[in-house]
Amino acid sequence: MSIYDTLNERQREAVFHTEGPLLILAGAGSGKTRVLTHRIAYLMEELGVNPWNILAITFTNKAAGEMRERVDNLIGFGSESVWVSTFHSMCVRILRRHIDLLGYDNSFTIYDTEDQKTLMKDVCKKLNIDTKKYNERSILSAISTAKNEMVTPSEFEINVMGDFGRQKIAKAYWEYEGQLKSNNALDFDDLLMKTVQLLQTQPDVLDYYQERFRYIMVDEYQDTNTVQFKLVSLLASKYHNLCVVGDDDQSIYKFRGADIKNILSFESTFSDAKVIKLEQNYRSTANILNAANAVIRNNRGRKDKTLWTDQGEGDLIRLGQFDTAYDEAEFVAEDVERLAQDGASYKDFAVLYRTNAQSRLFEEQFVARSIPYKIVGGVNFYARREIKDLLAYLKTIDNGEDDLAVRRIINVPKRGIGLTTIERVQASATAREISFYEALGGLDLIPGIGRASSKLDSFVSMMEYFKGRAEQVSISDLMKEIIEMTTYLESLEAEGEEEAKARIENIEELQNKIAAYEEACADAGEPATLSGFLEDVALVADIDSLDESQDYVVLMTLHSAKGLEFPQVYLAGMEDGLFPSYRSTEEEEELEEERRLCYVGITRAMKRLTLSCARRRMVRGEAQFNRMSRFVQEIPQELLETGRGAGRWQRAQKEQWSSDTGGSAGQGMGSFGQDGGAYEQGTGSAYVRNQRAAYRQAQKDFHKKPFQSAPLQKGGQQLAASKEKGLDYIVGDRVRHVKFGEGTVKEIVNGNRDYEVTIEFDTVGVRKMFAAFAKLQKL
DNA sequence: CCTCCCAAGGTTTTT
DNA sequence: CCTTGGGAGG
């Protein structure tokens, strides 16, 4: 019995069709990952293809890792030599080798969204662009669109002749590109565009990669954009062994430039393409699948296909309309709690929503009930201030031309270097066409720098020291030295205890991540480099942090949920205006994208699906009254269960037209059978208000905790405990410090927030530190 | 040069 | 509602 016997006939056909272009139209849950992994296995094991001649492009790093693992499980060898990666990381790998051919330095840095914004601000300032009229965000998004279409600044300029507003954007695009280049930096879109430019202009490089990637597979093909399409086409144009897998019904990234035409016209683009449809769903019950089919059927212009399953009907889909979003969250949390008590695992549950902002209410409820949970997305770990600060040190060490990074840290922690000084240095650097950091080397050339020069000097010599160290020690050790020499932790103290504590834990987490990176490199037998770590960091997706082995409820946006599955799924906020978003109800095309998103959401569910919505919801501080999502009404009634009896749905439908319940607390439909009445508490009662205040407080405390939702923690309670503990050592005692070793306590000053302790260490001499940070151990 | 306070604006979705 | 940025005062 071979590994291919477990596949169905269609799947097997897809696996065995290895030569020439192949389009696999794979419906949700139809086993496309199985097909891809088996296909890789088949190529290697049966056809003797070298693993390094295979390229598989996935949507996230997480998917890439999983794919590798599954290939290894199938054939037990060689998967590490297969290139499995995302578009972006593949491009970085190529560019690191060859970008010098385009006039960049190979140690370029990657700018994230925040960096882009900072840069664009400078650009607008320089060009006197009124950001009230053209804000940075919209300029950047225009540039991003251009880059996704591979439109260069000069082409852009030509295209917008006669349009005053867009001419401004063209100017900004020019300047922005120039600054990126002089900072030796690339933004996300550049990674793709520059790679294509490289392949288009360097025939030998193109040929090298064409030879290298004889078999190319692209997952989630429906979400590729023009530049990605171009990239794949270039690579595949020699051997034509291009296999793309996708589902036009799951195309949800139009806003990011994804072009659904890439999949719809695959057959005409690649004339000898074979098309295989996978329509048998192995994931969901028939009821769930039928609901999904019913919804997506309302879209026009899709490839015709209908998912089917041989599983039973399963449970009905539950639908609940609540008075407020608060009640909705409460219901979901209680439902999870109850099912968990009945023996379900937390990791069986996912709460999906349209916008990240909706996560808060759920978080409050989960915290209050001590239900372990994990929020995917929202504020990225690497976007946190303390993390960006420390990374900016690494970036500066790695690439001195990155002015943004240098300017970020030159006065962090505070060194008394002010804005005026920074601007003077910048002006001098710009005038002399050198980098900011370079300008710091010739301070006597800068007029008016005066007293600041000694401070600048010591900053430079510190950075030079770090650069030297970077050659000698590991990244972990370098990071440790940076934190110590800059006294970064101590400087956080100024912000208040809880805040600082959370930040310090984040920093510890960063150090863990560095260690993990080094370990991964060691395992792979590659050197751990600063650039390598920084690019890993730049290219992580929120979803990459999801760990299926951990037992927590997962909360995330519908977008993040793509590709995942859960036994129990809650689709929250099923309200017109929220989902579909009010911004997309005007145009049919946009509405269809929202509908696809809904389809993605429904098809995440394996066993049971719960839809919920609220009549009233606070959005940006004001109450919004929404009726039930039109998508809900596209689901046949007989598939739905709405609390008490079938007639209930109609009532819900009626109610939605006159649903300004205001504070009068008409009761929600929040109960499904068994424990009816549990949610009928009026929303206006003092009890509920107090509860709400308590949750809010708990949530606030919680946010002072580290970046992650820290799944197994029990809410905010234990947070306040650590204050005012006092010290267990006195002047004259011998103590031990993690880093500095043993020493004698010389002085303890009782500051208003913390004790400031002076210690004479045996090896490193006298140091002052805050007790809470130093974690000194009495000997 | 730094810190504190108030006003304004922002939320779709993300590599 | 919550965050960010600008301006005034120390």
Side-chain angles (χ1 to χ4, degrees), chain A residues 57-64 85-92 110-114 116-118 121 131-132 135-138 141 144 147-148 186-192 220 223-225 227-228 251-258 325 352-361 376-380 382-383 385 411-422 450-452 455 494-495 535-544 556-562 573 577-585 590 593-594 596-598 600-601 617-624 696 699-700 703:
Chain A
I57 299 174
T58 58
F59 209 64
T60 63
N61 296 301
K62 179 170 176 281
S85 69
T86 63
F87 270 108
H88 292 267
S89 44
M90 172 179 79
C91 289
V92 173
I110 302 166
Y111 277 0
D112 66 17
T113 320
E114 196 190 314
Q116 291 183 52
K117 237 174 126 181
T118 313
K121 238 186 224 159
T131 51
K132 291 246 156 57
N135 70 19
E136 294 97 346
R137 268 170 54 101
S138 57
S141 109
S144 175
K147 287 186 174 181
N148 284 329
L186 301 183
D187 65 21
F188 283 131
D189 303 314
D190 282 337
L191 297 177
L192 300 162
E220 306 284 8
D223 284 320
T224 51
N225 58 31
V227 63
Q228 290 167 333
S251 169
I252 55 174
Y253 282 101
K254 184 162 171 253
F255 70 93
R256 203 166 76 183
L352 310 182
Y353 36 76
R354 180 65 178 84
T355 65
N356 279 307
Q358 287 166 258
S359 66
R360 268 201 38 211
L361 289 173
V376 174
V379 186
N380 188 313
Y382 292 102
R385 203 192 68 208
N411 197 32
V412 176
K414 301 251 149 54
R415 306 186 170 90
I417 300 170
L419 212 63
T420 345
T421 307
I422 292 173
R451 258 178 324 219
K455 294 167 185 164
E495 297 182 40
E535 88 198 22
D536 264 23
V537 160
L539 298 178
V540 287
D542 295 322
I543 198 70
D544 294 339
M556 64 188 146
T557 62
L558 288 154
H559 281 89
S560 297
K562 192 170 71 154
L578 186 63
F579 186 35
S581 157
Y582 67 100
R583 315 185 63 131
S584 50
T585 46
E590 310 227 304
E593 174 131 327
E594 297 278 307
R596 289 193 290 271
L597 197 51
C598 182
V600 167
R617 168 182 304 273
M618 297 300 276
V619 177
R620 279 204 253 148
E622 44 188 62
Q624 201 177 75
R696 173 126 307 153
Q699 191 260 345
K700 266 191 180 155
H703 268 297

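Heavy-atom basis, side chains included; hydrogens, waters and symmetry copies ignored.
- Residue A:Ser560 is classed as a sugar-phosphate contact, given heavy-atom separations below 4.0 Å to backbone atoms only.
- Contact annotation for A:Lys117: no contact, since no heavy-atom pair falls under 4.0 Å across all strands.
- In this structure, the CD atom of A:Glu136 is 11 Å from the C1' atom of C:dG5, given to the nearest Å.
- Comparing B:dT15, C:dG5, B:dT11 by their nearest atom to the side chain of A:Ala357 picks out B:dT11.
- Both A:Ala452 and A:Thr355 lie near DNA chain B, and the one whose nearest nucleotide falls closer to the 5' end is A:Ala452.
- Here C:dC1 presents its P atom at 18 Å from CD of A:Gln358, a figure rounded to the nearest Å.
- Remark: the backbone N or O of A:Val376 is not paired with any side-chain donor or acceptor of A:Asp542 at under 3.5 angstrom.
- Between the P atom of C:dC1 and the CG atom of A:Leu361 lies a distance of 13 Å, rounded to the nearest Å.
- Within 4.0 Å of A:Gly621, counting heavy atoms only, lies at least one base atom of the nucleic acid.
- Remark: A:Ser581 is not in phosphate contact with B:dT11, judged by side-chain N or O atoms under 4.0 Å from OP1 or OP2.
- Nucleotide C:dT3 holds its C1' atom 15 Å from the CG atom of A:Asn356, rounded to whole Å.
- Within the 4.0 angstrom heavy-atom criterion, only backbone atoms of the sugar-phosphate kind lie near A:Tyr253; the bases stay farther away.
- The 5' end of DNA chain B is approached more closely, in terms of each residue's nearest nucleotide, by A:Asn135 than by the other of A:Gly377 and A:Asn135.
- A donor-acceptor contact shorter than 3.5 Å is absent between the side chain of A:Tyr353 and the backbone of A:Leu558.
- Not one side-chain nitrogen or oxygen of A:Arg415 sits closer than 4.0 Å to the OP1 or OP2 atom of B:dC1.
- Atom pair A:Leu352:CG and B:dT14:P shows a separation of 12 Å (rounding to whole Å applied).
- Taking NE2 of A:His88 as the reference point, atom CG of A:Asp190 lies at 11.0 Å (rounded to 0.5 Å).
- A heavy-atom distance below 4.5 Å is not found between the side chains of A:Phe87 and A:Val227.
- Under the 4.5 Å side-chain criterion, counting only non-hydrogen atoms from C-beta, A:Ile252 is in contact with A:His559.
- A close approach under 4.0 Å does not occur between any side-chain nitrogen or oxygen of A:Thr113 and OP1 or OP2 of B:dT15.
- Nucleotides C:dT4 and B:dT13, compared at atom P, are 15 Å apart to the nearest Å.
- Among the heavy atoms of the strands, none lies under 4.0 Å from A:Asp189.
- Spacing between atom OH of A:Tyr382 and atom P of B:dT15 amounts to 13 Å, rounded to whole angstrom units.
- Within 4.0 Å (heavy atoms only), A:Tyr582 reaches sugar-phosphate atoms of the nucleic acid but no base atom.
- Among the heavy atoms of the strands, none lies under 4.0 Å from A:Ser89.
- Taking the charged nitrogens against the carboxylate oxygens, A:Lys117 and A:Glu114 have no contact shorter than 4.0 Å, which rules out a salt bridge.
- For A:Phe188, the side-chain atoms get nearest to B:dT15 when compared with the rest of B:dT15, B:dC1, B:dG10.
- Not one side-chain nitrogen or oxygen of A:Lys562 sits closer than 4.0 Å to the OP1 or OP2 atom of B:dT13.
- Both stacking criteria are satisfied for A:Phe255 over the base of B:dT13: a centre-to-centre distance under 5.5 angstrom and an angle between ring planes under 30 degrees.
- Between A:Ala561 and A:Leu352, the shortest heavy-atom contact is CB-CD2, 3.8 Å.
- Relative to the side chain of A:Arg360, the nucleotides B:dT15, C:dC1, B:dT11 differ in distance, and C:dC1 lies closest.
- Residue contacts shown for A:Asp112 are absent, as no nucleic acid heavy atom lies under 4.0 Å away.
- When heavy atoms are screened at a 4.0 angstrom cut-off, A:Lys414 is found touching the sugar-phosphate backbone but no base atom.
- Looking at heavy-atom distances under 4.0 Å, A:Arg596 makes no contact with the nucleic acid at all.
- Taking atom CD of A:Glu622 as the reference point, atom C1' of B:dG10 lies 12 Å away to the nearest angstrom.
- In this entry the distance linking CG of A:Asp190 with P of B:dT15 reads 18 Å, nearest Å.
- Closest to the side chain of A:Thr420, out of B:dC1, B:dT15, B:dT14, is B:dC1.
- Using a 4.0 Å heavy-atom criterion, one finds that A:Ser584 contacts no nucleic acid atom at all.
- Relative to the side chain of A:Arg256, the nucleotides B:dT11, B:dT15, C:dG5 differ in distance, and B:dT15 lies closest.
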